[in-house]
J.: 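Before I ask anything, here is the structure I am working with.
For clarity, every value in this text was computed on a predicted model and none was experimentally measured. Below, chain A is the first sequence line, B the second, and so on; all start at residue 1.
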There are 2 protein chains.
Amino acid sequence: MKLSVRGEYALRALTVLGESPRDCVVRIQTISDRENIPKRFLEQILNELRTAGFVESRRGIAGGYRLSRAPESIPLAAVIRHLEGKLAPVGCVSEKFYERCSCPDESRCALRSVMKEVRDAIANLLENLTVADLVKRAGALRVKPDMGLDYSI
Amino acid sequence: MKLSVRGEYALRALTVLGESPRDCVVRIQTISDRENIPKRFLEQILNELRTAGFVESRRGIAGGYRLSRAPESIPLAAVIRHLEGKLAPVGCVSEKFYERCSCPDESRCALRSVMKEVRDAIANLLENLTVADLVKRAGALRVKPDMGLDYSI
DNA sequence: TTAAATTTGATTGGATTGGTCAAGATTCAC
DNA sequence: GTGAATCTTGACCAATCCAATCAAATTTAA
């Protein structure tokens, strides 16, 4: 798994949206300022998130974006899969984006068996963490920066 | 972490080298045939592995490649770091390839704390697995293909 | 109606990827 | 030695992806 800047911005934006009350929208400019994200680029990203169904928008002078579901029900894995594709390090062990590789026999490929473990470790974490967790952590970190980064989910 | 085809080929090639006795060299053509890897491309990759110190070569008519250390002492993490760069999904949580990101305060970044966990999970696996493990697994899989892919390292 | 904001889609420059090719250097068998 | 087999080096290429920008259209509150 690799998170491009695009995906990073998306998750940071979702965190901001998750932090503000569900019933009011947040302007692109606000997110852009708070998170230090190029505005034009953020427009594009939020639009992707909208067509993917994670957020909804309201246009016009009082417009902006908000989450379209409860933050607890947006797993990070879902967001990342939508923006970046597979979680797995290689296609031949991906559940949602499987693709055959060039090795002569997948069922006997030692590398594949190792990569499968890596994939599972990543998926396990990201399926169980949601935007709500990001919000929670952001709150905690605001009080106690870094805090050793020790979490148990 | 993401494994490009280049990295995949490298690890498969190392497995082949690990399978043959330490004191004799294996020809590029042999590896290329056995693992179904484009020969020209493999030359390039083996050369990288050589300058990185993982393998050594012998030229001439009786030439070829072999591991330059015991397979037990070549962690997969080391190989991947050399060929692909960081294991971490983002630079700001990488141990060996750290790079600052754009967020206003890293020590309070919720996304970063999550990504740190992902990085640690990946690193934990790949630091502890070596080329010797690939060889072992290849042997086991030859007898019992796929075997549910259940390993505990 | 008009000003502020989002929406949409095209475009750009640059980096990365997977891969090929040609020419040279090295070594060993005979 | 000489030739054959091999490794070594580095240039090259087409395709794709990335981050970012721009212009124009659309929407809506006041």
J.: Taking everything shown except A:Arg58 itself, do over 12 heavy atoms lie less than 6.0 Å from its CZ?
T.: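 Not buried by this count: 12 neighbours or fewer within 6.0 Å.
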
J.: Are B:Glu95 and B:Lys116 ion-paired here, with the side-chain N under 4.0 Å from a carboxylate O?
T.: yes

J.: Just the rounded figure in Å: distance from P of D:dC22 to CG of A:Asn47.
T.: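 Spelled out: CG on A:Asn47 to P on D:dC22 is 19 Å.
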
J.: Rounded to whole angstrom units, what separation is found between the CD atom of A:Glu48 and the P atom of D:dC17?
T.: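 Going from A:Glu48 (CD) to D:dC17 (P), I get 13 Å.
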
J.: Identify the residue among A:Glu43, A:Arg50, A:Gln44 that makes a side-chain hydrogen bond (donor to acceptor under 3.5 Å, both in side chains) with A:Asn47.
T.: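 The single option meeting the side-chain hydrogen bond (donor to acceptor under 3.5 Å, both in side chains) with A:Asn47 is A:Arg50.
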
J.: Considering only heavy atoms, which members of residues 50-69 of chain B lie under 4.0 Å from some atom of DNA chain C?
T.: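 Only B:Arg58, B:Arg59, B:Gly60, B:Ile61 qualify.
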
J.: Roughly, in whole Å, what's the span from CD in B:Glu99 to P in D:dA19?
T.: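 Roughly 12 Å, once rounded to whole Å.
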
J.: Quick test of your reading of the model: are A:Glu19 and A:Arg142 salt-bridged, counting only N-O distances below 4.0 Å?
T.: yes

J.: Looking at every strand, decide which applies to B:Leu46 at a 4.0 Å heavy-atom threshold: base, sugar-phosphate, or nothing.
T.: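 If one applies the 4.0 Å heavy-atom cut-off, B:Leu46 turns out to touch nothing in the nucleic acid.
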
J.: Salt bridge or not for B:Arg66 and B:Glu56, using N-O below 4.0 Å?
T.: yes

J.: Without decimals, in angstroms, what is the distance between A:Ile37 CD1 and D:dC18 C1'?
T.: 16 Å

J.: Measure all distances between protein nitrogen or oxygen atoms and nitrogen or oxygen atoms of nucleotides 15-21 of chain C, and list the pairs falling under 3.5 Å.
T.:
from: C:dG18; atom 1: OP1; to: B:Val5; atom 2: N; distance (Å): 3.2
from: C:dT20; atom 1: O4; to: B:Gln44; atom 2: NE2; distance (Å): 3.2

J.: Answer yes or no: is there an ion pair linking B:Arg12 with A:Glu106, defined by an N-O contact shorter than 4.0 Å?
T.: no

J.: Given atom CD1 of A:Ile45 and atom C1' of C:dT8, what is their separation to the nearest angstrom?
T.: 15 Å

J.: So do B:Ser32 and B:Phe41 actually touch side chain to side chain, heavy atoms under 4.5 Å?
T.: no

J.: How long is the line joining CG of B:Leu42 and P of D:dC7, in whole Å?
T.: 9 Å

J.: Can a salt bridge be assigned to the pair A:Lys2 and A:Glu84 using a cut-off of 4.0 Å between side-chain N and carboxylate O?
T.: no

